[in-house]
Amino acid sequence: MPELPEVEVLARHLQPLLPGKIIRSVQVRRPKVIQPGNPETFRRALLGAKFTGLTRRGKYLLFQLRRPGTRETFTLLGHLGMTGRMYLAAKNLPPPKHAAVVLELGRQNFIYEDPRYFGRLTLNLDPVAKLGPEPLTDDFAAGPFAVALRRSGQAVKVKLLDQSLVAGIGNIYASEALFRARISPRLAARRLTAAQVKRLTAAIRTVLAEAIDCGSTLPLNFGGGPAGGLFYFGHTPGAPDFYTERLCVYDRAGQPCLRCGHAIRRIVQAARSTFFCPQCQRKM
DNA sequence: CACCATGTTCCTTG
DNA sequence: CCAAGGAACATGGT
C-alpha cells in the first residue's frame with residue numbers, strides 16, 4: 001500500500017474522520033514501530049490528545065494533535081512500510097493479528113497493523129526533514145532535479161528511489177515513470193539529457209497524479225477485509241482493481257508492451273526488481 | 001524448501 | 001565527507 005499515491009488516497013480518506021476525536025487509550029503492541037522512543041513516553045504524549053488535522057509528505061502521514069486544554073500542538077508521524085495499514089474500526093472488534101498500535105477514540109479504534117512491522121507510528125519527525133521536494137507541487141522542478149541527477153553515476157531507476165531527490169516514489173512508480181518517459185532504467189543518472197530530465201519530471205507527475213485519481217474513484221473498503229491490488233484495502237474478488245488495470249510495466253515481465261508489443265523485461269537493480277520495455281526504453 | 005514482496009536504515013568498503 | 005553496495009528488519013504468498 002505504500003507509495004505516494006496510496007498514502008495520499010489513505011490521507012484523503014482519514015482526513016475527515018479524525019478531527020475532533022480524542023485518544024482515550026494507547027496500546028503499543030509492538031514497541032519497535034514507535035521507535036526511537038519508548039512506549040511510556042509515547043503513551044503519555046498521546047493520551048487525551050485530540051486530532052486536529054492530517055497531511056501527507058512523501059510516503060509519510062502527519063497527524064496533527066492538540067494536547068488537552070491547551071493550544072499546544074504536536075505531530076505524530078506515520079509510515080506504512082511495505083505492508084502497513086491504518087484505519088478506523090469498531091471498538092468491539094478484536095484487534096488484528098499484527099496490530100502494532102491501537103488507539104481508542106470513543107466508539108472507534110484507530111488501528112495500525114503491519115505484518116512485517118517495517119512501518120512507523122512515532123513522535124520522531126527526523127525522517128521528514130531529509131525528504132526531497134513533493135513531486136506534485138512546484139517545489140519539484142526539472143532544473144534542480146537535473147542538478148541532483150548529475151551528481152550520480154548510479155542507474156536512474158535507483159536514484160528515483162532516493163527520497164532525498166524527490167519524495168514519494170517507490171519501486172512500482174519508478175518503473176512506471178521511466179516507461180512513461182521512455183527512458184531506460186539502466187541509464188546512468190548523470191547521462192540524462194536536459195530533455196530527458198524534463199520528460200521524466202513530467203512523467204513522474206503524471207503517473208502519480210493518475211494513480212491518485214484512480215485510487216480516489218475506486219470503491220475501496222478501508223475498514224479492512226482482504227487486501228486487493230495496490231491499495232491495501234478490501235475489494236471484491238474478480239472486480240477490476242488499480243493494480244491490474246493501470247500499471248503498464250510493473251510485474252508484467254513477459255507480457256506484451258502496451259505501446260509496442262515487445263515483451264516486458266524484468267531486471268534486478270540494487271537488489272530490487274525493475275520492469276521496462278527494451279524497445280521503448282532505449283539507453284540514449 | 002526456494003524465492004519473491006509496495007521500504008528504510010545501518011554498516012562496510014572504496 | 002561522500003557514493004555505492006549489501007545486509008538487516010519480519011512475515012506471508014506462491
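Lettering follows sequence order; numbering is per chain, from 1. In this text, all values refer to a predicted model and were calculated from it rather than measured experimentally.
- For dA4(C), the OP1/OP2 oxygens have a side-chain nitrogen or oxygen of S152(A) closer than 4.0 Å.
- At the phosphate of dT8(B), OP1 or OP2 sits under 4.0 Å from a side-chain N or O atom of K59(A).
- Applying the 4.0 Å criterion to OP1 and OP2 of dA10(C), one finds that H98(A) has every side-chain N and O outside that range.
- If you take CD of Q35(A) and P of dA8(C), they are 19 Å apart, rounded to a whole angstrom.
- Between Q154(A) and dG5(C) there is a side-chain polar atom (N or O) within less than 4.0 angstrom of OP1 or OP2.
- Rounding to whole angstrom units, CG of residue L77(A) and P of dT8(B) are separated by 11 Å.
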task: Give the intermediate values and the outcome of side-chain contact (heavy atoms from CB on, under 4.5 Å) for residues L62(A) and L54(A).
output: CA-CA 6 Å; L62(A) 288 86; L54(A) 171 60; 5.7 Å; no

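- Taking atom CZ on R57(A) and atom C1' on dG7(B), their separation rounds to 17 Å, with Å as the unit.
- Note on E3(A) versus K59(A): no salt bridge recorded, every NZ/NE/NH1/NH2 to OD/OE distance being 4.0 Å or above.
- G153(A) comes within contact range of the sugar-phosphate backbone alone, with a heavy-atom separation under 4.0 Å but no base atom that close.
- Linking ILVMFWY side-chain heavy atoms closer than 4.5 Å, directly or via other members, places L161(A) and L131(A) in two distinct hydrophobic clusters.
- Computed from coordinates, the F118(A) CZ to dA10(C) C1' distance equals 5 Å when rounded to whole Å.
- For the OP1/OP2 pair of dT11(C) and a distance below 4.0 Å, the side-chain nitrogens and oxygens of R30(A) include at least one atom meeting the criterion.
- For the pair R265(A) and F275(A), the cation does not sit on the ring face, since its NZ or CZ is not both under 6.0 Å from the ring centre and inside 45° of the axis.
- In the interface, the side chain of R116(A) is paired with the base of dA5(B) through a donor and an acceptor atom under 3.5 Å apart.
- Distance, L160(A) CG to dA4(C) P: 14 Å, rounded to whole Å.
- Rounded to whole angstrom, the span from the CZ atom of R252(A) across to the C1' atom of dC4(B) amounts to 19 Å.
- Put simply, R272(A) has a side-chain N or O that comes within less than 4.0 Å of OP1 or OP2 on dG7(B).
- Rounded to whole Å, atom P of dT9(B) lies 6 Å from atom NZ of K130(A).
- Here dT9(B) is the nucleotide among dT11(C), dC4(B), dT9(B) with the atom lying nearest to any side-chain atom of P127(A).
- Look at K97(A) and you'll find a side-chain N or O under 4.0 angstrom from OP1 or OP2 of dG12(C).
- Separation of the F63(A) and F110(A) ring centroids falls under the 6.0 Å cut-off.
- In this structure, R266(A) reaches the dA5(B) phosphate: one of its side-chain N or O atoms is under 4.0 Å from OP1 or OP2.
- Between F179(A) and F276(A), the ring centre distance reaches or exceeds 6.0 Å.
- The partner of dA10(C), taking Watson-Crick or G-U wobble pairs whose two distances both stay under 3.5 Å, does not exist in any strand shown.
- The separation between K32(A) atom NZ and dA10(C) atom P is 5 Å, rounded to whole Å.
- Side-chain nitrogen and oxygen atoms of H79(A) include none within less than 4.0 Å of the OP1 or OP2 phosphate oxygen of dG7(B).
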